[in-house]
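Remember, it's a predicted structure, so these values are computed and weren't measured experimentally.
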Amino acid sequence: MADTSDIRIGLIIRFKDDLYNIIDFQHVKPGKGGAFVRTTLKNLKTGRVIDNTFRSGEKIEPVRVERRKFQYLYSEGENLVCMDQETFDHINIPVELFDGKEVYLKESTEIDVLYDGENIISVEIPLFVILEVTHTEPGFKGDTATNVMKPATLETGAVIQVPLFVEIGDVLKVDTRTGEYVERIKNK
């Protein structure tokens with residue numbers, strides 16, 4: 001059994017009979033009273049984010065998880081078919097585990113799958129992906145107001161907001177956490 005001194009970002013703990021990932025924490029030592037640790041926890045099943053405060057020295061239950069590399073192959077109904085990078089076995093992963101981020105995956109993208117024993121508890125896709133623009137309206141010359149954005153459809157079907165200078169055929173770097181345009185890698 002561990003205590004609050006073992007808390008770190010990315011640690012998975014069992015809390016209130018569910019598995020939670022520690023997203024953020026802050027150790028607080030007020031001038032009066034005992035120290036405590038303020039945490040932000042993400043439920044691995046529902047994706048719900050909660051804040052919780054642990055007293056300093058309070059016991060927590062870390063969960064040992066195994067991280068395996070998989071390669072996304074294709075979508076099949078309510079599942080995404082992925083291949084284990086070591087054994088080359090194919091598995092079906094329910095689309096709900098991707099939290100809507102499956103729209104940024106193209107074939108052969110490498111993902112991480114977290115296991116608690118034999119059960120899949122979470123899926124992590126890359127933080128940034130490189131995707132090509134397949135459709136967007138042309139920007140107009142002289143329309144240079146700051147931060148003017150327009151919608152663009154990417155090769156995976158995802159629609160994001162991009163600056164006016166982006167054209168069809170441009171290759172973009174996209175942040176999968178927020179779904180935002182980061183930079184243009186290559187223009188056509």
Side-chain angles (χ1 to χ4, degrees), residues 8-12 18-26 38-52 67-83 85 91-114 120-188:
R8 65 184 188 286
I9 293 176
L11 180 69
I12 296 174
D18 252 336
L19 296 178
Y20 285 87
N21 187 4
I22 297 176
I23 297 173
D24 193 24
F25 75 96
Q26 179 183 18
R38 189 176 294 134
T39 61
T40 303
L41 307 170
K42 180 179 180 183
N43 187 314
L44 292 177
K45 287 184 183 162
T46 64
R48 196 170 137 237
V49 176
I50 63 170
D51 292 323
N52 189 64
R67 181 181 300 268
R68 294 189 207 161
K69 295 267 185 216
F70 279 80
Q71 184 179 39
Y72 166 68
L73 299 176
Y74 57 91
S75 178
E76 185 177 74
E78 293 297 313
N79 295 310
L80 299 182
V81 178
C82 299
M83 180 180 64
Q85 296 286 65
I91 64 166
N92 292 333
I93 301 175
V95 74
E96 306 90 56
L97 290 176
F98 288 85
D99 293 331
K101 295 182 175 149
E102 69 278 355
V103 296
Y104 301 112
L105 293 177
K106 61 181 180 179
E107 292 177 3
S108 70
T109 301
E110 197 172 275
I111 62 172
D112 288 336
V113 178
L114 300 177
I120 298 174
I121 56 172
S122 180
V123 176
E124 295 175 355
I125 70 170
L127 296 178
F128 299 99
V129 291
I130 309 299
L131 298 170
E132 184 178 338
V133 176
T134 57
H135 181 267
T136 188
E137 298 298 323
F140 296 103
K141 193 169 188 162
D143 196 356
T144 58
T146 59
N147 293 335
V148 176
M149 304 291 259
K150 63 180 180 178
T153 305
L154 305 175
E155 63 185 293
T156 60
V159 178
I160 64 168
Q161 294 294 316
V162 298
L164 289 176
F165 59 80
V166 173
E167 299 174 355
I168 295 173
D170 287 354
V171 178
L172 308 178
K173 183 176 185 179
V174 179
D175 186 336
T176 60
R177 296 166 293 185
T178 60
E180 293 178 352
Y181 162 87
V182 176
E183 66 179 326
R184 180 169 63 179
I185 302 294
K186 183 177 89 177
N187 58 346
K188 62 177 184 163

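Arg48 CZ to Asp18 CG: the interatomic distance, rounded to the nearest 0.5 Å, is 9.5 Å. One distance of note links CD1 of Ile23 with OG1 of Thr39; it measures 10.0 Å at 0.5 Å rounding. Note that CD of Glu96 is 9.5 Å distant from CD of Glu102, once rounded to the nearest 0.5 Å. Lys173 NZ to Ile130 CD1: the interatomic distance, rounded to the nearest 0.5 Å, is 6.0 Å.
With sequence neighbours left out, Pro151 forms a side-chain contact (heavy atoms from CB on, under 4.5 Å) with Val159, Gln161. Take Ser108 and apply the side-chain contact (heavy atoms from CB on, under 4.5 Å) test, not counting sequence neighbours, and it matches Gln71.
The two residues Thr136 and Val166 have their closest heavy-atom pair at CG2-O, 3.8 Å. Residues Ile160 and Gly179 share a closest heavy-atom pair of CG2-O, 3.3 Å. Closest heavy-atom contact between Lys101 and Thr176: CE-O, 3.3 Å. Of all non-hydrogen atoms in Thr134 and Leu154, the two that sit nearest each other are OG1-O, 3.5 Å. Minimum heavy-atom separation, Glu137 to Lys150: O-NZ, 2.6 Å. For Pro126 against Ile111, the heavy-atom pair with the smallest separation is CD-CG2, 4.5 Å.
A salt bridge is absent between Arg68 and Asp112; no separation between the charged side-chain nitrogens and carboxylate oxygens falls under 4.0 Å. A salt bridge is defined here as a Lys NZ or Arg NE, NH1 or NH2 lying under 4.0 Å from an Asp or Glu carboxylate O, and Lys42 with Asp99 meets this definition.
Screening Ile121, Leu114, Ile120, Leu97 for a side chain to side chain contact (heavy atoms under 4.5 Å, CB included) involving Leu44 leaves a single residue, Ile121.
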Practice problem: Would you sort out whether Thr109 and Tyr104 count as a side chain to side chain contact (heavy atoms under 4.5 Å, CB included), showing the intermediate values? | Solution: CA-CA 9 Å; Thr109 301; Tyr104 301 112; over 6 Å; no
Self-check item: Audit row: Ile22, Leu41, side chain to side chain contact (heavy atoms under 4.5 Å, CB included) steps and yes/no
Solution: CA-CA 5 Å; Ile22 297 176; Leu41 307 170; 3.6 Å; yes
Self-check item: side chain to side chain contact (heavy atoms under 4.5 Å, CB included) between Phe25 and Leu11, worked out
Solution: CA-CA 11 Å; Phe25 75 96; Leu11 180 69; over 6 Å; no
Practice problem: With side chain to side chain contact (heavy atoms under 4.5 Å, CB included) as the test, would you mind laying out the steps for Asn43 and Ile50 before giving the verdict? | Solution: CA-CA 8 Å; Asn43 187 314; Ile50 63 170; over 6 Å; no
Acceptor/donor pairs from residues 75-83 side chains to any protein atom, 3.5 angstrom cut, sequence neighbours excluded:
none

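Cation-pi geometry between Arg177 and Phe128 is met: under 6.0 angstrom from the ring centre, within 45 degrees of the axis.
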